[in-house]
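A short worksheet on the structure shown next.
The structure presented is a predicted model; accordingly, all values stated were derived computationally and were not measured. A, B, ... follow the sequence lines: proteins, then strands. Residue 1 opens every chain.
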2 protein chains.
Amino acid sequence: MNIGEAAARSGVPSKTIRYYESVGLIPPAHRTASGYRIYTEADVQTLRFVSRARGLGFSVADCANLLALWQDTARASADVKALARQQVDRIEAKVAELQSMKETLEDLMERCHGDARPDCPILSDLAGSASRCHVQETRKTA
Amino acid sequence: MNIGEAAARSGVPSKTIRYYESVGLIPPAHRTASGYRIYTEADVQTLRFVSRARGLGFSVADCANLLALWQDTARASADVKALARQQVDRIEAKVAELQSMKETLEDLMERCHGDARPDCPILSDLAGSASRCHVQETRKTA
DNA sequence: TCTTGACCTTCCGGTTACTAGAACCTCCAT
DNA sequence: ATGGAGGTTCTAGTAACCGGAAGGTCAAGA
């Protein structure tokens, strides 16, 4: 099948398939005499695998590792689990950061009239009125 | 003061200050005869403002809006609050997406031995063993 | 005065994971 | 034969910077 059909079957856009090939996430596709890429059902499975992994937030680099483990029938499930744990950790860190931002914003919003008047605790806080600051220095850690 | 001192005082790296200027977030700095940028204490305040807003996850574009509101003494606090609310919404959406990924990953991890054996439900799931799928299609919405 | 070193300047490239579009080629059906 | 859909490569743009190169500037010490 050509790239369009592989895209339709896998849910991964043609452009993205070419991109994955270009960065080495998937091996170069075979070609017809005229240069068209050709894919097998197995290739489509691989694309679906990648698509699901990406959907869980794994980076393309992680996907490459996961693919390698998937294709290595002698893998240790511990290695897979370790990648998953790393990913959970990254997600948790990100969530914590976002929650912290959200709390700060909600605090500020609560104290803001939100009407036609110009005085606004949100701006005051951003300007450094040194009231409370939940977040502060969360940026570099992100 | 020169850019280095402004950076030290504001906590915004020199590179970033130049970047903010280049994208129009802050106005072009005045220059010495030899071309060095010069900053006032007020400029440092502006940089701190931007830094705090960025720390709450506002985009650079949003920061420009916030700055404009800050400098407009006739603003309506409602306008500021609206931006904050938007930001909270964006954060909540992102958090929901991440939580969903996390749940899926944790479910899979729970079912994975995580030892030397090769069989691994995480890989099986990614390969499409069609067990449960919490996330699915969360990607485009992100 | 000269030099050294720290600091400044601009500009280019890399980061992540794609997407849009241009210019051109190929395939199939009418 | 031709038209249109779909393939090919390549470049550039997205967000928000960071790193580094090449070269100019400034203040202090010898």
Candidate nucleotides C/dC7, C/dT19, D/dC17, ranked by approach to the side chain of A/P13 - the nearest: C/dT19

Using OP1 and OP2 only, check whether a side-chain N or O of [X] sits under 4.0 Å from [N].
| X | N | result |
| --- | --- | --- |
| B/S34 | D/dC26 | yes |
| A/R37 | D/dG7 | no |
| B/R31 | C/dT10 | yes |
| B/Y20 | D/dC17 | yes |
| A/R54 | C/dT16 | no |
| A/Y19 | C/dT16 | no |

Non-hydrogen atoms of A/L67 and A/L25 that approach each other most closely: CD1-O, 3.5 Å

Closest non-hydrogen atom pair, B/L47 against B/V12: O-CG2, 3.7 Å

Salt-bridge present (B/R18, B/E21; N to O < 4.0 Å): no

Ionic contact status for B/R54 with B/D62, cut-off 4.0 Å: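 B/R54 and B/D62: not salt-bridged.
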
In whole angstrom, give the distance that lies between atom [atom1] of [X] and atom [atom2] of [N].
| X | N | atom1 | atom2 | value |
| --- | --- | --- | --- | --- |
| A/L56 | C/dA17 | CG | P | 14 Å |
| A/M1 | D/dG7 | CE | P | 13 Å |
| B/K15 | D/dG20 | NZ | P | 9 Å |
| A/Y36 | D/dA5 | OH | P | 14 Å |
| A/I3 | D/dT9 | CD1 | C1' | 12 Å |
| B/I17 | C/dC7 | CD1 | C1' | 14 Å |
| B/I38 | C/dC7 | CD1 | C1' | 16 Å |
| A/E5 | D/dA5 | CD | C1' | 15 Å |

Closest-nucleotide ordering on DNA chain C, the 5'-leading residue of A/A33 and A/T16: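 Taking each residue's closest nucleotide, the earlier one in sequence belongs to A/T16.
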
Check: A/S10 side chain, A/A6 main-chain N or O, donor-acceptor pair, under 3.5 Å: yes

Under 4.0 Å between any heavy atoms, over every strand shown, what does [X] touch: base, sugar-phosphate, or nothing? Just pick one.
| X | result |
| --- | --- |
| B/S59 | sugar-phosphate |
| B/R18 | base |
| A/T32 | nothing |

